[in-house]
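So the structure is just underneath, and the comments pick up after that.
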Amino acid sequence: MIDLKVLRENPDLVRASQRARGEDVGLVDVVLAADERRRSLIVEFEGLRAEQNLLSKRVGSATPAERPNLLESAKDLANAVKRADAERGAAESALREASNALSNIVEAGVPEGSEENFVVLEHVGTPRDFAAEGFEPLDHVELGKVLGAIDTERGAKVSGARFYYLTGNGALLEFALINLAMAQAAEHGFIPVIPPVLVKSKAMEGTGFLGQAAENVFHLEEDDFYLVGTSEVPLAAYHMDEILDGAKLPLRYAGFSSCFRREAGAYGKDTRGIIRVHQFDKVEMFSYCPPDEAPAEHRRLLAWEKEFLNAIEVPYRVIDVAAGDLGSSAVRKFDCEAWIPTQNAYREVTSTSNCTEFQARRLNIRMRDSEGTKPLATLNGTLCAVPRIIVAILENHQQPDGSVNIPLALRPYLGGREKFLPVNA
RNA sequence: GGAGGACUCGCCUAGUGGCCGAUGGCGUCGGUCUUGAAAACCGAUAUUGGGAGACCAAUCGUGGGUUCGAAUCCCACGUCCUCCGCCA
């Protein structure tokens with residue numbers, strides 16, 4: 001939810017933001033009207049209520065003789081108060097609904113346009129020249145088979161499309177990646193967290209995933225639970241309804257969890273392999289910080305993402321995502337895209353978003369400092385989304401004999417091994 | 001699953017229909033005293049909304065209800081605790 005004060009004082013800013021996102025600009029006026037109506041109904045209700053409070057006090061101290069008359073008018077007033085209260089309540093929910101539909105106000109400098117209008121900020125590393133090395137690289141599905149690491153066929157047999165088993169080397173590689181990521185996070189002061197992956201609607205809604213992203217969320221009808229698509233959700237909701245001590249910010253958490261995504265609207269996209277799957281594990285960074293520090297914190301999260309990608313030694317580029325491709329909570333988003341040789345393309349492996357006070361307002365999370373209490377900023381960033389990182393490692397570090405070199409940083413977590421070797425079928 | 005009990009301001013707690021936005025203690029902050037600190041003493045110390053403001057309104061787990069008036073009475077739900085059963 002955006003700041004209604006900003007909306008009232010500078011509606012054009014919000015209109016421009018909606019336009020940049022390609023979202024409904026007219027919503028701004030709907031929200032303004034709802035806000036207007038709500039405030040006038042509050043004034044009406046409170047006036048009546050104050051009158052009633054006075055009258056009630058007089059009833060208490062009235063003599064038996066004057067009591068019946070007072071009670072008579074008090075009764076009328078009580079009805080009027082009840083009516084006004086109901087109208088006020090309705091106006092408040094109308095405003096909430098309308099303002100919840102508004103996306104966060106995009107940061108100045110975000111590229112205009114939609115998905116394809118991103119701006120490349122930098123390239124890190126150089127893709128290998130497999131032709132020069134004299135062999136044709138295998139894709140991660142084939143490598144996964146050769147190494148006994150990924151079993152997509154049995155994943156499909158047991159659970160359907162977009163499911164897979166990580167086996168042997170694949171499973172060990174996941175554990176190593178998680179350990180490396182958590183070690184890095186802890187070193188930088190993140191508190192490691194293993195959160196619940198089933199959450200109530202309040203958590204899902206407050207994080208902003210029940211709006212435009214709702215179709216990608218698994219919902220357990222019978223128990224009214226939602227399966228999280230990222231530990232961002234339970235990490236953001238962790239401090240729901242709390243006031244945090246400003247002196248202890250930024251507060252940083254690194255959450256490890258399974259993530260579940262319906263991938264609706266992705267029919268036919270990335271159907272091969274484990275680039276786009278319904279279930280995967282991920283280490284996610286999450287930060288609560290003062291609003292004025294949010295842009296700097298955003299850059300720090302990006303730097304930590306790069307640190308991890310540097311450690312696994314794959315070429316990647318960093319992009320500044322265009323306004324039309326931002327989530328509703330985010331004002332700006334940087335993605336890191338790893339080079340995938342067999343696709344001859346950079347593919348998203350991490351993503352970091354600055355959500356400013358948008359989520360905090362919805363989740364009722366505030367900070368207290370010398371200036372009082374106010375909403376704080378929340379930011380998130382991927383540290384390690386396991387399957388995509390596995391794809392990047394296997395494809396980029398493969399050797400002509402089908403083996404895969406293990407990046408130096410991962411070796412301590414794999415018993416010192418230097419490479420994954422093909423297994424006999 | 002069954003039976004009881006609890007839920008009040010950062011923490012603990014008083015409060016059974018109007019004198020209660022709410023007592024007291026702890027903690028925190030400010031002051032007096034002190035070379036400094038501690039102790040003692042004095043004072044301050046919830047949140048939200050409306051209003052330019054004096055102020056006004058709301059909030060005692062949540063939502064309903066009774067009443068002129070609810071922290072207080074009634075109903076439902078939630079959370080936690082204890083006991084019993086069941087499962088491991």
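Residue numbering restarts at 1 for every chain, and letters A, B, ... go by the order of the sequence lines. The shown structure was predicted, so the numbers you read here are calculated from the model rather than taken from an experiment.
Residue contacts for A:Val59: at a heavy-atom cut-off of 4.0 Å it reaches a base atom on one of the strands shown. Nucleic acid contact class of A:Thr373 (heavy atoms, under 4.0 Å, all strands): sugar-phosphate only.
Checking B:C83 for Watson-Crick or G-U wobble geometry (two distances, each under 3.5 Å) identifies B:G2 as its partner. Base pairing annotation: B:G36 forms no Watson-Crick or G-U wobble pair, as no partner gives both donor-acceptor distances under 3.5 Å. Using Watson-Crick or G-U wobble geometry with both donor-acceptor distances under 3.5 Å, B:C77 finds its partner in B:G61. In a base pair of the Watson-Crick type (N1 to N3 plus N6-O4 or O6-N4) or a G-U wobble (N1-O2 and O6-N3), with each distance short of 3.5 Å, B:A44 is matched with B:U28.
Among all heavy-atom pairs drawn from A:Asp335 and A:Thr352, the shortest one is OD1-N, 4.5 Å.
Annotation: B:A57 and B:G69 have their C1' atoms spaced 16 Å apart (nearest Å). Taking atom P on both nucleotides, B:C9 is separated from B:U62 by 10 Å, rounded to a whole Å. Comparing the P positions of B:U82 and B:U72 gives an interatomic distance of 27 Å, to the nearest angstrom. Taking atom P on both B:A39 and B:U47, the two are 26 Å apart, rounded to the nearest angstrom. Comparing B:G65 with B:A71, their P atoms are spaced 15 Å from each other, to the whole Å. Taking atom C1' on both nucleotides, B:C12 is separated from B:C7 by 14 Å, rounded to a whole Å. Comparing B:C83 with B:C77, their C1' atoms are spaced 23 Å from each other, to the whole Å.
When each of A:Lys82 and A:Ile243 is assigned the nucleotide of RNA chain B with its nearest heavy atom, A:Ile243 is the one assigned upstream, toward the 5' end. Each of A:Leu54 and A:Ala78 was matched to the nucleotide of RNA chain B holding its nearest heavy atom; the match closer to the 5' end belongs to A:Leu54.
Not less than 6.0 angstrom separates the ring centroid of A:Phe175 from the ring centroid of A:Tyr413. Aromatic ring centres of A:His278 and A:Phe260 lie farther apart than the 6.0 Å criterion allows.
Of the candidates B:U47, B:C56, B:G49, the closest approach to any side-chain atom of A:Ile42 belongs to B:G49. Among the nucleotides B:C68, B:U47, B:G50, the one closest to any side-chain atom of A:Arg366 is B:U47. Of the candidates B:U48, B:G49, B:G18, B:G49 carries the atom nearest the A:Arg38 side chain, counting heavy atoms from C-beta on.
Regarding contacts with the backbone of B:G51, a side-chain N or O of A:Arg39 is found under 4.0 angstrom from either OP1 or OP2. Distances shown here put every side-chain N or O of A:Lys57 at or beyond 4.0 Å from the OP1 or OP2 atom of B:G18. Contact annotation: A:Gln52 does not reach the phosphate of B:C68 (side-chain N/O to OP1 or OP2, under 4.0 Å). Phosphate contact (OP1/OP2 of B:G17, side-chain N/O of A:Ser56, threshold under 4.0 Å): absent.
By the side chain to side chain contact (heavy atoms under 4.5 Å, CB included) test, A:Glu107 pairs with A:Val110, A:Val331, A:Arg332, A:Asn354, sequence neighbours left out.
In this model, no donor atom of one side chain and acceptor atom of the other lie less than 3.5 Å apart for A:Ser329 and A:Asn104. At a cut-off of 3.5 Å, with distance as the only test, no side-chain donor of A:Gln359 or A:Thr207 sits close to an acceptor on the other residue.
Within the structure, every pair that satisfies the side-chain hydrogen bond (donor to acceptor under 3.5 Å, both in side chains) test and touches residues 162-175 of chain A, not counting sequence neighbours, is listed here: A:Asn169-A:Arg417.
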So which protein nitrogen or oxygen atoms get under 3.5 Å of nucleotides 58-60 of chain B's nitrogens or oxygens?
residue : atom : partner : partner atom : Å
B:A58   : OP1  : A:Arg49 : NE           : 2.8
B:A58   : OP1  : A:Arg49 : NH2          : 3.4

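Side-chain atoms of A:Ser351 and A:Lys333, non-hydrogen and from C-beta on, do get closer than 4.5 Å to each other.
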